[in-house]
> 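Just dropping this structure here.
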Amino acid sequence: MVKNLNRAFKPKRVAIIGASPDPAKIGHQVIKNIIEGGYKGEIIPINPKADNILGVKVHKSLNDVPEGVDLAVIAIPAPLVQAAMEECARRKVGAVAIITSGFAEVGKAAEELKLKKIADENGIALLGPNIFGLAYSPERLNASFGPKDIYPGKIAFITQSGALGIGLMGWTAMKKIGLSALVSIGNKADIDETDLIEYFNKDNNVNVQLLYMEGIKNGTKFMQTRIEKPTVVLKVGRSTRGAQAAASHTGSLSGSDKIYDGAFKQIGMLRASTFIEAFSWARALSQPLPKGEDTVIITNGGGIGVATTDECEVQGIKILDDPQWLEAKFRPTMPDFGSTKNPIDVTGGAGVDGYRRALKIAFAEERIKSVIVLYCETAVTDPMDIAAAVNAAFQEAGRNKPVVVAMVGGERTRDALVYLNEKFIPASSLVDVSISALKIIYTWAEIKNRPQTKPVLEQAPAEVHKIIAAVKGQGREILMEHEARQVMELCGVPTPQWGFAQSSAEAIKIADYKNMYPLAMKIASPDIVHKSDVGGVVLNIRDGKELKDRYEAMMTRLQKECPKAKLLGVNLIQMVNGIECIVGITTDAQFGSAVMFGLGGVFVEALKDVTFRVVPFDEAEAGRMIGEIKAKKILDGFRGMKADKASIIKTLTAVQKLAPLVKEIDINPLLTNENGSYAVDARIVLK
Ligand code: ACO
């Protein structure tokens, strides 16, 4: 049965089960907020003892109320909630918000499941339990026990933490950050972030979504979320202790933060690091999207211009660089000692007219794709005049390109910043905050312009299933080296030339035929794990004679030193040079199989410079993985060595075919050079 969230956010009739005349009770605060918030629909307090609460007639039970209440808010003790929920089902209530705590978050998951069952069987959209309620400003509905006032706007704020949500409700009102919806999802027994995002995708009252998250319950469902509007996510629990705290807070399981990071990128969510950043981004994302890269900086100060130029480079924002063109366009806007070199420095003595002239050109010129306005407070101008000029130029140009502002100064400047933010022009006294706002607009534009594809997981060939069945049949869960190489090759993971030989003559035949010299030879034995320790590895064999000698010497030695080991033969692997990368598959509690990519060697151990994506993903996503590791410059060319990105992408997509069959894969190293990439060694652990 499809759950109808319209009945939660746009209800015509709202019942409060547990409404109380006692101002100290949560049930009182909820009805008070609904009344004082200006909700125009029917308000139905339910309380077995009271007759009238805040001037509204009270019903003893929902049974006394005509059928079809849209939203019921429940604020009675936990042991009474199930009966109230059953009553809601009988009376055909559309949506229920359970404020009551004391369910899965304190280990009472079974009780919570019963509520979910009633909701599912009766098509009720269930929010909570363990929430502070919900608010929807277009309907003037504040069914929460948070602050009374919400500053109306177009941001939907979905929060897993109740107290933080309440706190931020007041903070957003103070900061004039406009919200259309505020929803507490608490334990997410039924309705979760995915359901809400899907709902707000279709809601014209919502432009931007902001999600505070501690963890998710269903990774597969989460990965299906369609992000149609800019969605900022603040996921806490990055640190190990933070993750533990999150797990015990709302009862969410917390998987690896790095996998969350990859998952957010994969579905197109924008991950912020702090509350300030999250709200600053949410506000910025109501700006128009840029139609290209080139930005222009207009300033009255050199220093702030340089700082901004630095920050643009750090954040990857391209500054328009065409001195002649800029000189021709902007020279008339400034005195002779001004600079047109971008930053366009209209000089410290510039009045509001100087800014107006420069702004007019910046917004009018097609070649300029976004505008950064800087201002240091001087005695010759009123910051509010500059702010008004920015807004006027932006509006007159028909809001045709993004603009952000950074202003440094005292109290007058503070007022100007508030004014700009109220006009939805991202403005801050900190250059990095303003540039980060512009960067997120660019990031969202890139996400929005991506072709919409639904990656499908390709099956591994039948031969791979046969090899794996044989390994399992022998009671093993780890593949031997030649088996690992074989299944990878069959799936399309590029490997160096390799072969498996059971005699020196066979080894020479294979090496000659495949033109493999120089090559490495490794013993193949299920009983020898640490091959190098017992002399089971020889590197750099250059020709057939050396191969014969080394083969025979290795076998003689191992027969003597490891008499109990079953010696099956040797693996021959062509020696390749290249940049060391690492590719892996891991199984995550929330998301299932995830593929990892990073640089190998010291980078993986010391810097943990790796990135993840949840299986399945396509080649474009694999390309983005390569582009986001910190050491990506090494892949672009370093000490005469350069990566072949196409074959890394091929590896990252091909290895996914093994995901349903394995618990873990560790391709280490994957060597890459300009001719290709080669999975030199791999450890594969089966499910
Ligand atoms: N139908 C209607 N009303 C009922 C029913 C019923 N079946 N049963 C009881 N009531 C009435 C009570 O008589 C009482 O009204 P009264 O004041 O006139 O006597 C009212 O409902 C409330 O019941 P109480 O027993 O007084 O419960 P109380 O208000 O103390 O607590 C509450 C209920 C708030 C739901 C509590 O159990 C609880 O869970 N508190 C935590 C809430 C919370 O923090 N949620 C997470 C929010 S997010 C965050 O972290 C901030």
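Note that ligands are numbered from 1 as they come in the structure, with each ligand's atoms numbered from 1 the same way.
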> Would you tell me which option among I76, L62, I99, I53 has the nearest heavy-atom contact to atom 45 (N) of ligand 1?
I99
> Could you tell me whether W171 and F275 have their ring centroids closer than 6.0 angstrom?
no
> Looking at ligand 1, would P21 count as a contact under a 4.0 Å heavy-atom criterion?
yes
> Could you tell me, atom by atom, which parts of ligand 1 come under 4.0 Å of a heavy atom of K25?
16 (P), 17 (O), 19 (O), 26 (O), 29 (O)
> Is the ring pair F9/Y136 parallel, tilted or perpendicular, if the boundaries are 30 and 60 degrees?
tilted
> Got a sec, which residues hit side chain to side chain donor-acceptor pair (under 3.5 Å) with K92, two or more places apart in sequence or on another chain?
none
> If you measure from each heavy atom of A84 to ligand 1, is any distance below 4.0 Å?
no
> Hey, does the side chain of S184 reach the backbone of I131 with a donor-acceptor pair shorter than 3.5 angstrom?
no
> Hey, does P77 sit under 4.0 Å from ligand 1 if you only count heavy atoms?
yes
> Decide side-chain contact (heavy atoms from CB on, under 4.5 Å) for I227 and I447; before the verdict, give the C-alpha distance in whole Å, the side-chain angles of both, and the deciding distance to 0.1 Å.
CA-CA 10 Å; I227 302 295; I447 292 171; 5.9 Å; no
> Any atoms of ligand 1 less than 4.0 Å from a non-hydrogen atom of I17? List them with their elements.
1 (N), 2 (C)
> When the ring planes of F591 and F222 are compared, do they come out parallel, tilted or perpendicular, using 30° and 60° as the limits?
perpendicular
> Should P48 be counted as touching ligand 1, given the test is an N or O pair under 3.5 Å?
no
> I want to know if ligand 1 touches S101 in the polar sense, i.e. an N/O pair below 3.5 angstrom.
yes
> Could you tell me which atoms of ligand 1, counted from 1 in the order shown, lie closer than 4.0 angstrom to a heavy atom of I46?
2 (C), 3 (N)
> For ligand 1, which atoms sit closer than 4.0 Å to a heavy atom of A75?
22 (C), 33 (C), 35 (C)
> Report yes if D22 has an N/O atom closer than 3.5 Å to an N/O atom of ligand 1; otherwise report no.
no
> Taking 4.0 angstrom as the limit and counting only heavy atoms of K49, give me the atoms of ligand 1 inside it, by number and element.
13 (O), 19 (O)
> Report, as yes or no, whether the 6.0 Å neighbourhood of atom CG on D22 holds more than 12 heavy atoms from other residues, nucleotides or ligands.
yes
> Out of R613, K235, R271, which residue meets the salt bridge (charged side-chain N to carboxylate O under 4.0 Å, His left out) rule with D261?
R271
> What atoms of ligand 1 come closer than 4.0 angstrom to any heavy atom of I26?
34 (C), 42 (C)
> At a non-hydrogen distance cut-off of under 4.0 Å, which region of F145 contacts ligand 1 (side chain, backbone, both, or neither)?
side chain
> Which bit of I131 is near ligand 1, meaning a heavy atom under 4.0 Å away: side chain, backbone, both or neither?
backbone
> Taking only residues two or more places apart in sequence or in another chain, which ones pass side chain to side chain donor-acceptor pair (under 3.5 Å) with W281?
S436
> Any chance you could lay out the side-chain contact (heavy atoms from CB on, under 4.5 Å) test for M223 and Q590, step after step, and finish with the verdict?
CA-CA 10 Å; M223 293 309 291; Q590 267 77 43; over 6 Å; no
